[in-house]
Amino acid sequence: MSSSLDTDLIKRLKQALTAPGDNLREVLHDSSAEVLHALLKNVSLNEDHLIQLLQRRDLTSSLLKSITKHKLSQNLRITVAIIRNPAISPALVKQLMGKVPLFELLNLCTLPGQSADIRIAAEHTISQRLPQEPLGNKISLARRATATLLLPLLKEGHPQIVEASLDNPRLQESSIFQFLSSSGASAQTISAVARHPRWCSRKNLQRAILKNRHTPQVWYIHFLPKLPMKEAQNLLYSSRLHSKQKVWIKEFLDQR
(Lines give C-alpha, C1' and ligand atoms only; values in the text may rest on other atoms or scores of the structure.)
Protein backbone atom coordinates (compact mmCIF):
# COMPACT_ATOMS: atom_id res chain seq x y z
CA MET A 1 0.00 0.00 0.00
CA SER A 2 2.79 2.41 0.96
CA SER A 3 4.65 1.58 -2.23
CA SER A 4 1.54 2.37 -4.23
CA LEU A 5 1.21 5.75 -2.51
CA ASP A 6 4.88 6.53 -3.11
CA THR A 7 4.51 5.67 -6.79
CA ASP A 8 1.49 7.93 -7.09
CA LEU A 9 3.30 10.82 -5.35
CA ILE A 10 6.34 10.38 -7.60
CA LYS A 11 4.07 10.53 -10.64
CA ARG A 12 2.40 13.72 -9.39
CA LEU A 13 5.75 15.30 -8.55
CA LYS A 14 7.02 14.56 -12.06
CA GLN A 15 3.88 16.07 -13.54
CA ALA A 16 4.29 19.17 -11.37
CA LEU A 17 7.89 19.60 -12.50
CA THR A 18 7.55 18.87 -16.21
CA ALA A 19 3.97 19.20 -17.43
CA PRO A 20 3.30 21.85 -20.10
CA GLY A 21 1.20 24.85 -19.16
CA ASP A 22 -2.06 23.44 -20.50
CA ASN A 23 -1.73 20.40 -18.24
CA LEU A 24 -1.03 22.26 -15.00
CA ARG A 25 -4.66 22.89 -14.02
CA GLU A 26 -4.91 19.54 -12.25
CA VAL A 27 -1.63 20.12 -10.39
CA LEU A 28 -2.90 23.44 -9.06
CA HIS A 29 -5.51 21.55 -7.03
CA ASP A 30 -3.16 18.89 -5.67
CA SER A 31 -3.48 18.31 -1.92
CA SER A 32 0.24 17.71 -1.38
CA ALA A 33 2.38 20.65 -0.26
CA GLU A 34 5.38 18.82 -1.71
CA VAL A 35 3.74 18.73 -5.14
CA LEU A 36 2.86 22.42 -4.97
CA HIS A 37 6.42 23.33 -4.05
CA ALA A 38 7.61 21.29 -7.03
CA LEU A 39 5.16 23.13 -9.25
CA LEU A 40 7.04 26.37 -8.59
CA LYS A 41 10.03 24.93 -10.44
CA ASN A 42 8.05 24.22 -13.61
CA VAL A 43 9.23 26.51 -16.44
CA SER A 44 5.72 26.52 -17.93
CA LEU A 45 4.18 28.06 -14.81
CA ASN A 46 2.73 31.46 -15.66
CA GLU A 47 1.05 34.35 -13.88
CA ASP A 48 -2.48 33.02 -14.39
CA HIS A 49 -1.49 29.68 -12.89
CA LEU A 50 -0.11 31.39 -9.78
CA ILE A 51 -3.19 33.59 -9.41
CA GLN A 52 -5.38 30.49 -9.54
CA LEU A 53 -3.16 28.75 -7.00
CA LEU A 54 -3.24 31.72 -4.64
CA GLN A 55 -7.02 31.70 -4.63
CA ARG A 56 -6.89 28.47 -2.63
CA ARG A 57 -7.67 28.95 1.07
CA ASP A 58 -5.75 25.86 2.21
CA LEU A 59 -2.19 26.86 1.34
CA THR A 60 0.62 26.97 3.88
CA SER A 61 2.63 30.01 4.93
CA SER A 62 5.73 28.10 3.80
CA LEU A 63 4.38 27.82 0.26
CA LEU A 64 3.49 31.50 0.18
CA LYS A 65 7.03 32.36 1.23
CA SER A 66 8.36 30.17 -1.59
CA ILE A 67 6.08 31.91 -4.08
CA THR A 68 7.58 35.28 -3.09
CA LYS A 69 10.96 33.97 -4.28
CA HIS A 70 9.60 33.05 -7.72
CA LYS A 71 10.44 35.47 -10.53
CA LEU A 72 6.71 35.97 -11.24
CA SER A 73 6.20 37.37 -7.73
CA GLN A 74 7.62 40.68 -8.97
CA ASN A 75 4.27 41.16 -10.72
CA LEU A 76 1.89 43.33 -8.68
CA ARG A 77 -1.06 40.99 -9.25
CA ILE A 78 0.89 38.15 -7.67
CA THR A 79 2.07 40.27 -4.75
CA VAL A 80 -1.50 41.39 -3.96
CA ALA A 81 -2.82 37.83 -4.30
CA ILE A 82 -0.18 36.61 -1.82
CA ILE A 83 -1.13 39.35 0.64
CA ARG A 84 -4.82 38.49 0.35
CA ASN A 85 -4.28 34.78 1.05
CA PRO A 86 -5.30 33.89 4.63
CA ALA A 87 -2.18 31.77 5.19
CA ILE A 88 0.17 34.75 4.98
CA SER A 89 2.33 35.39 8.04
CA PRO A 90 2.62 38.83 9.67
CA ALA A 91 6.31 38.97 8.75
CA LEU A 92 5.53 38.33 5.09
CA VAL A 93 2.76 40.94 5.12
CA LYS A 94 5.23 43.53 6.39
CA GLN A 95 7.78 42.52 3.76
CA LEU A 96 5.35 42.75 0.84
CA MET A 97 3.43 45.88 1.81
CA GLY A 98 6.45 48.01 0.96
CA LYS A 99 6.25 46.84 -2.67
CA VAL A 100 2.60 47.80 -3.17
CA PRO A 101 1.72 51.19 -4.74
CA LEU A 102 -0.32 53.68 -2.71
CA PHE A 103 -3.72 53.21 -4.33
CA GLU A 104 -3.39 49.44 -4.46
CA LEU A 105 -2.79 49.63 -0.71
CA LEU A 106 -5.97 51.66 -0.44
CA ASN A 107 -7.83 48.92 -2.31
CA LEU A 108 -6.57 46.45 0.29
CA CYS A 109 -8.12 48.69 2.96
CA THR A 110 -11.52 49.00 1.31
CA LEU A 111 -12.22 45.77 -0.60
CA PRO A 112 -15.19 43.86 0.84
CA GLY A 113 -14.21 40.75 2.78
CA GLN A 114 -10.70 41.94 3.49
CA SER A 115 -9.29 40.65 6.78
CA ALA A 116 -8.83 43.15 9.59
CA ASP A 117 -5.12 42.32 9.89
CA ILE A 118 -4.44 43.13 6.23
CA ARG A 119 -6.53 46.31 6.37
CA ILE A 120 -4.67 47.54 9.47
CA ALA A 121 -1.28 46.72 7.92
CA ALA A 122 -2.20 48.55 4.70
CA GLU A 123 -3.45 51.58 6.64
CA HIS A 124 -0.25 51.65 8.67
CA THR A 125 1.87 51.51 5.50
CA ILE A 126 -0.12 54.35 3.91
CA SER A 127 0.19 56.48 7.06
CA GLN A 128 3.96 56.04 7.01
CA ARG A 129 4.12 57.15 3.38
CA LEU A 130 1.86 60.20 3.72
CA PRO A 131 4.58 62.78 4.48
CA GLN A 132 6.38 61.91 1.21
CA GLU A 133 3.32 61.75 -1.03
CA PRO A 134 2.60 64.64 -3.45
CA LEU A 135 -0.42 66.85 -2.79
CA GLY A 136 -2.43 65.39 -5.68
CA ASN A 137 -2.14 61.88 -4.24
CA LYS A 138 -3.22 63.09 -0.81
CA ILE A 139 -6.30 64.80 -2.27
CA SER A 140 -7.26 61.67 -4.21
CA LEU A 141 -6.63 59.55 -1.13
CA ALA A 142 -8.81 61.83 1.02
CA ARG A 143 -11.79 61.21 -1.26
CA ARG A 144 -11.60 57.41 -0.80
CA ALA A 145 -9.68 56.77 2.42
CA THR A 146 -10.88 54.76 5.39
CA ALA A 147 -11.92 56.45 8.63
CA THR A 148 -8.55 55.58 10.20
CA LEU A 149 -6.62 57.34 7.43
CA LEU A 150 -8.80 60.44 7.32
CA LEU A 151 -7.63 61.86 10.66
CA PRO A 152 -3.92 62.08 9.66
CA LEU A 153 -5.02 63.50 6.30
CA LEU A 154 -7.09 66.19 8.03
CA LYS A 155 -4.15 66.96 10.31
CA GLU A 156 -2.13 67.87 7.23
CA GLY A 157 -4.27 71.02 7.33
CA HIS A 158 -4.14 71.68 3.59
CA PRO A 159 -7.45 73.24 2.43
CA GLN A 160 -7.80 70.99 -0.62
CA ILE A 161 -7.17 67.86 1.43
CA VAL A 162 -9.66 68.97 4.08
CA GLU A 163 -12.36 69.74 1.51
CA ALA A 164 -11.87 66.36 -0.17
CA SER A 165 -12.03 64.61 3.21
CA LEU A 166 -15.30 66.32 4.16
CA ASP A 167 -17.04 64.68 1.18
CA ASN A 168 -15.76 61.20 2.06
CA PRO A 169 -18.69 59.07 3.33
CA ARG A 170 -16.32 57.23 5.72
CA LEU A 171 -15.36 60.40 7.59
CA GLN A 172 -16.44 60.40 11.24
CA GLU A 173 -17.53 63.42 13.24
CA SER A 174 -14.98 62.62 15.96
CA SER A 175 -12.12 63.09 13.47
CA ILE A 176 -13.39 66.51 12.42
CA PHE A 177 -13.81 67.47 16.07
CA GLN A 178 -10.18 66.52 16.79
CA PHE A 179 -9.05 68.51 13.78
CA LEU A 180 -11.07 71.60 14.75
CA SER A 181 -9.68 71.37 18.29
CA SER A 182 -6.09 71.38 17.02
CA SER A 183 -3.75 74.18 16.04
CA GLY A 184 -3.66 72.79 12.49
CA ALA A 185 -7.09 74.18 11.63
CA SER A 186 -6.95 77.51 9.76
CA ALA A 187 -9.63 80.11 9.03
CA GLN A 188 -10.06 78.60 5.57
CA THR A 189 -10.42 74.99 6.72
CA ILE A 190 -12.68 75.95 9.64
CA SER A 191 -14.92 77.75 7.15
CA ALA A 192 -14.95 74.66 4.93
CA VAL A 193 -16.40 72.63 7.79
CA ALA A 194 -18.76 75.38 8.90
CA ARG A 195 -20.43 75.69 5.49
CA HIS A 196 -20.44 72.00 4.57
CA PRO A 197 -24.05 70.74 4.27
CA ARG A 198 -23.26 67.43 6.00
CA TRP A 199 -21.36 68.88 8.95
CA CYS A 200 -22.52 72.45 9.54
CA SER A 201 -25.47 71.50 11.78
CA ARG A 202 -23.51 69.20 14.13
CA LYS A 203 -23.66 70.83 17.58
CA ASN A 204 -20.32 69.44 18.76
CA LEU A 205 -18.60 70.76 15.65
CA GLN A 206 -20.21 74.17 16.08
CA ARG A 207 -18.82 74.28 19.62
CA ALA A 208 -15.36 73.26 18.42
CA ILE A 209 -15.48 75.98 15.75
CA LEU A 210 -16.38 78.63 18.34
CA LYS A 211 -13.45 77.55 20.53
CA ASN A 212 -10.78 77.76 17.84
CA ARG A 213 -8.62 80.89 17.83
CA HIS A 214 -8.57 80.96 14.01
CA THR A 215 -12.34 81.05 13.55
CA PRO A 216 -13.49 84.08 11.48
CA GLN A 217 -16.14 86.47 12.81
CA VAL A 218 -18.83 85.25 10.40
CA TRP A 219 -19.10 81.94 12.26
CA TYR A 220 -19.57 83.67 15.61
CA ILE A 221 -22.44 85.60 14.05
CA HIS A 222 -23.86 82.38 12.64
CA PHE A 223 -23.35 79.90 15.49
CA LEU A 224 -23.51 81.91 18.74
CA PRO A 225 -27.31 82.27 18.56
CA LYS A 226 -27.56 78.48 18.45
CA LEU A 227 -25.57 78.13 21.67
CA PRO A 228 -27.12 78.13 25.20
CA MET A 229 -26.49 81.50 26.84
CA LYS A 230 -24.37 80.01 29.61
CA GLU A 231 -22.03 78.35 27.09
CA ALA A 232 -21.71 81.60 25.16
CA GLN A 233 -20.77 83.41 28.36
CA ASN A 234 -18.19 80.77 29.27
CA LEU A 235 -16.42 81.40 25.95
CA LEU A 236 -15.30 84.75 27.34
CA TYR A 237 -13.08 82.88 29.82
CA SER A 238 -11.48 80.56 27.28
CA SER A 239 -7.70 80.81 27.16
CA ARG A 240 -7.76 79.49 23.58
CA LEU A 241 -9.48 82.53 22.07
CA HIS A 242 -7.77 85.79 21.20
CA SER A 243 -9.03 89.16 22.41
CA LYS A 244 -10.75 90.12 19.16
CA GLN A 245 -12.87 86.97 19.27
CA LYS A 246 -13.90 87.77 22.83
CA VAL A 247 -14.98 91.24 21.68
CA TRP A 248 -17.26 89.58 19.09
CA ILE A 249 -18.72 87.31 21.77
CA LYS A 250 -19.25 90.23 24.18
CA GLU A 251 -20.99 92.24 21.44
CA PHE A 252 -23.34 89.32 20.88
CA LEU A 253 -24.08 88.95 24.59
CA ASP A 254 -24.73 92.68 24.99
CA GLN A 255 -27.40 92.47 22.30
CA ARG A 256 -29.28 89.65 24.05
Side-chain angles (χ1 to χ4, degrees), residues 40 47-48 50-185 189:
L40 299 180
E47 180 183 333
D48 289 337
L50 271 183
I51 291 293
Q52 186 177 345
L53 177 62
L54 287 164
Q55 288 172 347
R56 287 180 54 169
R57 298 343 242 170
D58 60 345
L59 303 182
T60 64
S61 58
S62 172
L63 182 65
L64 293 184
K65 188 172 182 179
S66 294
I67 293 174
T68 64
K69 298 174 182 178
H70 195 282
K71 62 181 181 180
L72 290 173
S73 70
Q74 300 305 310
N75 185 292
L76 179 60
R77 284 181 68 209
I78 302 298
T79 299
V80 172
I82 295 170
I83 290 172
R84 297 200 70 192
N85 192 283
I88 192 168
S89 67
L92 197 53
V93 170
K94 185 176 180 181
Q95 174 188 325
L96 295 181
M97 283 291 180
K99 300 179 180 180
V100 180
L102 180 71
F103 290 102
E104 193 62 49
L105 284 171
L106 183 59
N107 287 338
L108 288 171
C109 297
T110 58
L111 282 172
Q114 188 60 269
S115 74
D117 288 344
I118 297 300
R119 177 180 52 78
I120 291 168
E123 288 174 335
H124 177 70
T125 304
I126 292 173
S127 295
Q128 288 185 314
R129 290 189 193 176
L130 276 181
Q132 289 78 43
E133 289 295 328
L135 177 60
N137 281 358
K138 292 177 184 178
I139 294 170
S140 297
L141 191 62
R143 295 191 181 103
R144 299 171 46 204
T146 61
T148 301
L149 290 169
L150 284 166
L151 182 55
L153 282 164
L154 284 172
K155 286 182 175 179
E156 295 259 331
H158 194 286
Q160 288 176 273
I161 297 175
V162 171
E163 295 210 14
S165 297
L166 294 175
D167 290 329
N168 186 319
R170 297 186 179 95
L171 181 61
Q172 298 175 351
E173 181 177 329
S174 58
S175 294
I176 305 177
F177 184 87
Q178 287 185 60
F179 171 64
L180 291 171
S181 302
S182 72
S183 59
T189 53

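Since we're looking at a predicted model, the values are computed, not measured.
To the nearest 0.5 Å, atoms CZ (R170) and SG (C109) are separated by 9.0 Å. Taken to the nearest 0.5 Å, the CD1 atom of I67 stands 4.0 Å off from the CG atom of L63. Of the inter-residue distances, the one linking L50 atom CG with I78 atom CD1 reads 4.5 Å to the nearest 0.5 angstrom. Atom-to-atom distance recorded for S127:OG and L153:CG is 8.0 Å, nearest 0.5 angstrom. Between the CG atom of L166 and the CZ atom of F179 there is a distance of 8.5 Å, given to the nearest 0.5 Å. The line from OG1 of T125 to NZ of K99 is 13.5 Å long, rounded to the nearest 0.5 Å.
In plain terms, the two heavy atoms of Q132 and Q128 that are nearest each other are OE1-O, 3.4 Å. When every heavy atom of R144 is checked against every heavy atom of T110, the shortest pair comes out as O-CG2, 4.1 Å. When every heavy atom of A81 is checked against every heavy atom of L54, the shortest pair comes out as CB-CD1, 3.7 Å. Contact record, A147 with S175: O-OG, 4.4 Å, taken as the closest heavy-atom pair.
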Verdict with supporting geometry, E133 and L141, side chain to side chain contact (heavy atoms under 4.5 Å, CB included) = CA-CA 10 Å; E133 289 295 328; L141 191 62; over 6 Å; no
Walk me through it: do I176 and L150 pass the test side chain to side chain contact (heavy atoms under 4.5 Å, CB included)?
-> CA-CA 9 Å; I176 305 177; L150 284 166; over 6 Å; no
Check the pair D117, V93 against side chain to side chain contact (heavy atoms under 4.5 Å, CB included), reporting the backbone distance first and the verdict last.
-> CA-CA 9 Å; D117 288 344; V93 170; over 6 Å; no
Determine, stepwise, if the pair L59 / L53 fulfils side chain to side chain contact (heavy atoms under 4.5 Å, CB included).
-> CA-CA 9 Å; L59 303 182; L53 177 62; 4.1 Å; yes
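Using a distance-only test at 3.5 Å, with no hydrogens or angles considered, a donor-acceptor pair links the side chain of N168 to the main chain of A145. Within the 3.5 Å criterion, the main-chain N or O of N137 finds no donor-acceptor partner in the side chain of S140. Using modelled atom types, one side-chain atom of N85 and one backbone atom of R56 make a donor-acceptor pair closer than 3.5 Å.
Side chains of E104 and T79 form no contact here, defined as non-hydrogen atoms less than 4.5 Å apart. Counting heavy atoms from C-beta outward, I126 and T146 have side chains that stay 4.5 Å or more apart. Residues K138 and H158 are not in side-chain contact: their nearest non-hydrogen atoms beyond the backbone lie 4.5 Å or more apart. In this structure the side chain of T189 never reaches within 4.5 angstrom of the side chain of L154, judged on heavy atoms. Side-chain contact between M97 and L105 is present, with heavy atoms from C-beta onward closer than 4.5 Å. Side-chain contact between R84 and L108: present, with at least one pair of heavy atoms (C-beta onward) separated by less than 4.5 Å. The shortest distance between side-chain heavy atoms of I161 and L135 falls below 4.5 Å. Between D48 and R77, some side-chain heavy-atom pair lies under the 4.5 Å cut-off.
T68 and Q95 are not linked by any side-chain donor-acceptor pair at a separation below 3.5 angstrom, with hydrogens and angles left out of the test.
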